[in-house]
There are 2 protein chains.
Amino acid sequence: MAAARGQRGGDRDVPAAPNAAEVTMPIPPISDAPMQRARAIPEAAVARLAVYLRVLSGMAEQGIVTLSSEELAAAAGVNSAKLRKDLSYIGSYGTRGVGYEVSVLVDQIERILGLTRSHSVAVVGIGNLGHALANYGGFPSRGFPVAALFDVDPDLVGVPVGGLPVSHIDDIPRICTEREISIGVIATPPAAAQAVCDRLVAGGVASIVNFAPVVLQVPDHVEVRKVDLAVELQILSFHVARRADSMNVNGSALGNVDGVVIGR
Amino acid sequence: MAAARGQRGGDRDVPAAPNAAEVTMPIPPISDAPMQRARAIPEAAVARLAVYLRVLSGMAEQGIVTLSSEELAAAAGVNSAKLRKDLSYIGSYGTRGVGYEVSVLVDQIERILGLTRSHSVAVVGIGNLGHALANYGGFPSRGFPVAALFDVDPDLVGVPVGGLPVSHIDDIPRICTEREISIGVIATPPAAAQAVCDRLVAGGVASIVNFAPVVLQVPDHVEVRKVDLAVELQILSFHVARRADSMNVNGSALGNVDGVVIGR
DNA sequence: GCGACTTTGTGCATTCGTTCACAAGTGGCT
DNA sequence: AGCCACTTGTGAACGAATGCACAAAGTCGC
C-alpha cells in the first residue's frame, strides 16, 4: 500500500477530503434554507471551467455581453449539454430563453476557482523551461504572481530573471514559508525533482505543478499535477499507430499478420 | 459541431503485433473472425502506459530484471489492480507467482504505443518555450526527433536553434510535407495559434500538442492535446480554495468569508 | 510429486462522467 | 393576455474507469 496516491494529472481523481463524502442526494429539502452542502464539483468539470473562463474573458474583451450555452460550447470545443451541466455545478446564473451574461459567468467562475485571492508561485529550475515560465508575461492570467525563483547553479543565484533574483534551492523551505508560496512549479531535470519536491513540501507548499518526467512521491495533503511532454507525444504516437493499423485492416486487406487478438 | 478538439472517446481495436519473437503467447483460438477489433485500450490507460514505460526504463537502467505489479504500481503512483488491468490490455506478459520481466514489458509497451517507428516533430514558435522544447535533449525519450522549427520573426529565420535552422511559418505546409512531420508542437502566442494550427493541418500534420492557451478548432481527423499551465494553476487554486473552505466550515467556524456557498 | 505460497489476470460491483431529452422559465409579438 | 420560439437546468440512461476480491497459474522447498 506504499503507493502514494499523490500524482494526479492525466486522469481525474478527487482528493478525498477527510470529511467530505457528501453524497449527492437530491433530497428535496422541505426547508428552503440553502444549506451550504458544497455539492462536489467533478474534477473534470473544474478543468473545463478554467477553459470557459478564458474563452469568456476573450469574449468580454470583444464586447460580447450575452451568449447562449450553444455558442460558448462551440467556442470552448465541448458539447453544449456538458457545458450547461458544468455551469450548473456552480449555480444558476443563466436566463432561460436568453442565455448567460458574460460578466456574471466570469465572476462566478473566478469565485469558484478561488481566483479572488492571488496565489504566489515559485519556479524551481531556471533552465530553458524555467526561464520561459518566469517570463510568462505576468504569468498566465494574472492572479498567480511569481514570487520566488530557485536553482542549484551558484552562478545563477542572485541573477535576476524576469525581474526577480534567483535563490538557491537550499533556501526553498525558508523562502517559501516567508513569502507564503502556495504553488510550486518544478522545472528541473528529472534527477533533481524529488528532492526539490521534498523541499517545497517542507516549505509548506501543498500544490505543485511538475514538469519533470518523474513520478513524485508526496504526502497525502499535497496535490501534484503533472505536465509531461513525453507522455503527450506518446499518446499521440499511439493514436497514429492505431490509425495506421486500422487502415491496413480496413483498406488493403493484407491478411492477418499474426495473432492480433488480445484478450479472450 | 464546429470540430472538436482532441481526446476521442474510447473506440476501436488494438494494433497488430509486427511479429512476436519467441513469445509464449497463449493465443486465443477463439478467433471468430467477425471483426478483429479486439478490445480497445481505454484512453486513460494509454496515458498510464507511457508512465509505466518511463518507470520501467529507469528500472532497466538500474539493472532490475523482474518486478511485481505491486512494486511497479508503487513506483508509478497507482493502484496495483489498476496497473495489472492496464497491462492486461496489451496482453499477458507476466508470470504468476513471479511478476513481470522488465525488458519484456518495455518492448511490449513500446510496441503498443507505436514507438517502434519514430515520429518527426516540428516546433512552431521559437520564443522562450520553443527554445526550451527545441533543446530538450534529443527530445523526451528519443523516438521523437525534432525535424523542423518555425517562427514568424524574419530575424530568427535561418538561425540555428539546437542545431536546426529556423524556417518561416509561411513554409509550414511545404516543409511539413517534405520532411514528413507527424507531430506539430505549437508554442506561439495565443493570437497566432489557430493560424499556425491551420497551416500544420494543411501540411498533413494530424497530431498536435498545443501549448498556447486557446481552444483550437480542427477537422475531425486531427488530434490535439493541450498543455495549459493556466488551467493547471487554476485547478490547483480551486482545490486550495476548497480546502480552505472546508476548514472554515468544519474547524474554526468563522462565518462565511465571501460567497462560499456552492450548493444549489 | 505435492502442498504451501506468491502473484497474475479478470469478473463484478461501484463510482465517476457524459449525453440525451424534456419540463420549466423567459421574452417578444400579435 | 395568450401564444410562440427559444434556452436553461436537470433527471435519468448510458458508458467509461476504478477498485475489490478471488480463481488460475505459476514457483519453491522438500
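Naming: A, B, ... by sequence-line order, numbering from 1 per chain.
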Among A:L83, A:V51, A:L72, whose side chain to side chain contact (heavy atoms under 4.5 Å, CB included) with A:V78 holds?
A:L83
Who passes salt bridge (charged side-chain N to carboxylate O under 4.0 Å, His left out) against B:D107, sequence neighbours left out?
none
Sorted by chain and residue number, the side-chain hydrogen bond (donor to acceptor under 3.5 Å, both in side chains) partners of A:S207 (sequence neighbours excluded) come out as none
Considering just the side-chain nitrogens and oxygens of B:R48, establish if one lies under 4.0 Å of OP1 or OP2 belonging to D:dT18.
yes
Rounded to whole angstroms, how far apart are CG on B:L87 and P on D:dT18?
14 Å
Give the rounded distance in Å between these two atoms: CZ of A:R84 and P of C:dT18.
15 Å
Whole Å only: how far is the CD atom of B:E43 from the P atom of C:dG17?
16 Å
B:E70 CD to C:dT8 P, straight-line distance once rounded to whole Å:
8 Å
What about A:K85, does its side chain sit under 3.5 Å from the base of C:dG17 through a donor-acceptor pair?
no
So does A:N79 get a side-chain nitrogen or oxygen closer than 4.0 Å to the phosphate oxygens (OP1/OP2) of C:dC20?
yes
Interatomic distance where CG belongs to A:D86 and C1' belongs to D:dT10 [whole Å]:
13 Å
Quick test: give all pairs of protein nitrogen or oxygen and nucleotides 26-30 of chain C nitrogen or oxygen below 3.5 Å, distance rounded to 0.1 Å.
residue: C:dT26; atom: O4'; partner: A:R96; partner atom: O; Å: 2.9

Partners meeting side-chain hydrogen bond (donor to acceptor under 3.5 Å, both in side chains) with B:T95 (sequence neighbours left out):
none
Among D:dT7, D:dA17, D:dC20, the one nearest B:A81 by side-chain distance
D:dC20
So the side-chain hydrogen bond (donor to acceptor under 3.5 Å, both in side chains) pairs with at least one residue in residues 51-61 of chain B (sequence neighbours excluded) are A:D228-B:R54, B:Y52-B:D86
Given C:dT18, D:dT10, D:dA17, the nucleotide with the shortest approach to the side chain of A:Y89
C:dT18
Can you list, by residue number, the residues of residues 99-106 of chain A that have a non-hydrogen atom closer than 4.0 angstrom to DNA chain D?
A:G99, A:Y100
By side-chain hydrogen bond (donor to acceptor under 3.5 Å, both in side chains), which residues pair with B:S182, not counting sequence neighbours?
none
Using the test side-chain hydrogen bond (donor to acceptor under 3.5 Å, both in side chains), find all partners of B:Q194 that sit at least two apart in sequence or belong to another chain.
B:D198
B:S68 side-chain proximity, nearest of C:dT8, C:dC22, D:dA17:
C:dT8
Using OP1 and OP2 only, check whether a side-chain N or O of B:S69 sits under 4.0 Å from C:dT7.
no
Sequence neighbours excluded, every pair satisfying salt bridge (charged side-chain N to carboxylate O under 4.0 Å, His left out) that has a member inside residues 204-215 of chain A
none
SB check B:E43 B:R225 (cutoff 4.0 Å)
yes
Over how many whole Å does the gap from B:L83 atom CG to D:dA17 atom P extend?
16 Å
Given C:dG17, D:dT18, C:dT8, which nucleotide is nearest the side-chain atoms of B:K82?
D:dT18
